[in-house]
Amino acid sequence: MPDLVAVEEERELSSWELAKLELNWGRGDPVNIGWNLSDRICRQGLGQTKALIWEGFGGQERVFTYEDLRVLSNTMAAFLARQGIAPGERVCLFMDRIPELYIGFLGILKLGAVAQPLFSAFGEESLATRLLDAGTSAILTQKKYLPRIRRIRAELPALRHVIVADAEASALQQGETPLHLDSEPRVEDFPVYPAGPETPSVLHYTSGTTGQPKGAQHVHRSLLSQYLTARRVLDLQPGDIYWCNADPGWVTGTSYGIIGPWSAGVTQVVLDAGFNVDRWYSFIEKHRVTVWYSAPTAIRLLMKEGKTPAARHDLSSLRHLASVGEPLNPEAVHWSREVFGRPFHDTYWQTETGCIVITNLPGMPIKAGSMGKPFPGITAAILDMRTFEPVALPGRVGLIGLAPGWPSMIVGYRNNPEGYAKKFASGWYLTGDRGTVDADGYYWFVGRDDDVINTGGHLVGPFEVESALLEHPAVAESAAVAKPDPVNMEVVKAFVTLKPGYEASSDLELEIMNFVRKKLSPIAMPQDISFVTSLPRTRSGKIMRRVLRAQEWGEPVGDLSTLMED
Ligand code: WTA
């Protein structure tokens, strides 16, 4: 006889409680994410299943089973422990999407340390700001990034170790350690750190309107949401071949490029190379990719190439498509239906939420252009801009708010409790985005409620760009705003006033662009610089980016006299 009472009770469980049951939490199994992504999967009998199929820029391939992942992440954890890295310390991953990045991530977590992934295209200043704020103890990197690290190392007193994955000891300086994972003694058993749900796991830096980037602190409990949404939203099932385009320097590349898929025991394919339409389609065809998590900018790039390239490849393995990072325009949904025979499913979330919070679940009727509905277990609302109470009428624009308390919500911004406190009002977590909800409960994205620039799905903080601009000898004042772009949706545009003695010219424009690119990154580099004689300011002297932005977008500027109040 089936136990009917137990079945009845299960129906009452929230989705997060179901995830706990599926992960066997509270019954003696470790909470540690590193253990859950490797040892647990091996224990389920999937040790010989491929965990990672990696393809490098030059077409070289490496394959790792879950058993390899388990042993190599142990080996990595033991190596870090031998260097004297203790639980709780921050270890930065600053490298391309090579296998050591993924294995390193698990090793850091198994040791109980905090993984701090940073985008490898970051220049010295972006890197230094984030390492300094995090008090990072060690950085795991590649030979080609050493010059950047060497130039800033003196500013980073907490940085004890620079570990290099692809260099011989002879090429290194004092304080730099080579790591050759293949020749390290394999560690079959490692005493995985007994992380609790609240133990810090991953530290991601994200940009805001004001000040330097904020360190969003994730904890091991996040696994519950990442596991469940990987299963239910991305529809990951045993046997799937999954491809996530995102770099783990950004949250999509960790939540759904490492944690979600490996907690579900599927095979991940990683292509460590930039966009190229034929390369991408060949990659899908070759590996028989079944689930693809991409981004609107990538889809727009594919659309630009037309339908013919897709017709040259057999893409029939694709079963489910999802997208994140920017508004997914209706044309992209229609186009993907035509070309791939199935629509992209929009998913909405943030570094701070850790997991997808609003989405089109598989099988749900899609309204093209809408983000979908809150994931079961998430309570969302459109809040009045002034009172922060849910708006009564469908279609009214307000702030997208979430009821706090889902498992993967961050626990704070590092060294910035005031910044974190500002994210809450009237009991709601404020996403900083504006949207509407329709009578059927579908959410529609309207825009950001701040000055952060979203370029190709990557957030860029205007303050960081302006600070870099001000370091150029010719620049007196600066403002960075979003400018519309057909592919990246937004790109950075800078307004600059020059110091006496400097003349505006296209050479100077190029020089300043390159200056920012080197200090920050190619994504933060202004694509356009306008030399002006003055910048619009509030009565107290704050630069009004909103006025400049409205001009770029051809939107009404609004009542300047009220805007000028602070
Ligand atoms: C934006 C990325 C429209 C939004 C996972 C959000 C989106 C910010 C969508 C978070 C979407 C993300 N439609 N906008 N489906 N998904 N965004 O922290 O402004 O890098 O607040 O996390 O990207 O960016 P973040």
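First listed ligand is number 1; within each ligand, the first listed atom is number 1. Keep in mind that what you see is a predicted model, and the values were worked out from it rather than measured.
Of the charged side-chain nitrogens involved, at least one lies within less than 4.0 Å of a carboxylate oxygen, so that E326 and R300 count as a salt-bridged pair. Looking at E198 and R221, a side-chain N of the basic residue comes within less than 4.0 Å of a carboxylate O on the acidic one, giving a salt bridge.
With sequence neighbours left out, the salt bridge (charged side-chain N to carboxylate O under 4.0 Å, His left out) criterion links K214 to no other residue.
With W553 as the aromatic partner, R549 meets the cation-pi criteria of under 6.0 angstrom to the ring centre and within 45 degrees of the ring axis.
Proximity to T347 (heavy-atom distance under 4.0 Å) selects the following atoms of ligand 1: 11 (C), 15 (N), 16 (N). Atoms of ligand 1 lying under 4.0 Å from at least one heavy atom of T252, given by number and element, are 5 (C). Ligand 1 places these atoms under 4.0 Å from at least one heavy atom of R448: 6 (C), 8 (C), 19 (O), 21 (O).
A donor atom on one side chain and an acceptor atom on the other are not found under 3.5 Å apart for Q116 and Y205. No donor-acceptor contact under 3.5 angstrom links the side chains of Y227 and N36, judged on distance only.
Of all protein heavy atoms, the one closest to atom 4 (C) of ligand 1 is D433 OD2, 3.2 Å. Scanning the protein heavy atoms around atom 25 (P) of ligand 1, the nearest turns out to be T351 OG1, 3.5 Å.
Within the 4.0 Å heavy-atom criterion, the part of F445 lying near ligand 1 is the side chain and not the backbone.
Using a non-hydrogen distance threshold of 4.0 Å, L328 does not register as a contact of ligand 1.
The shortest N or O to N or O distance between G325 and ligand 1 is below 3.5 Å.
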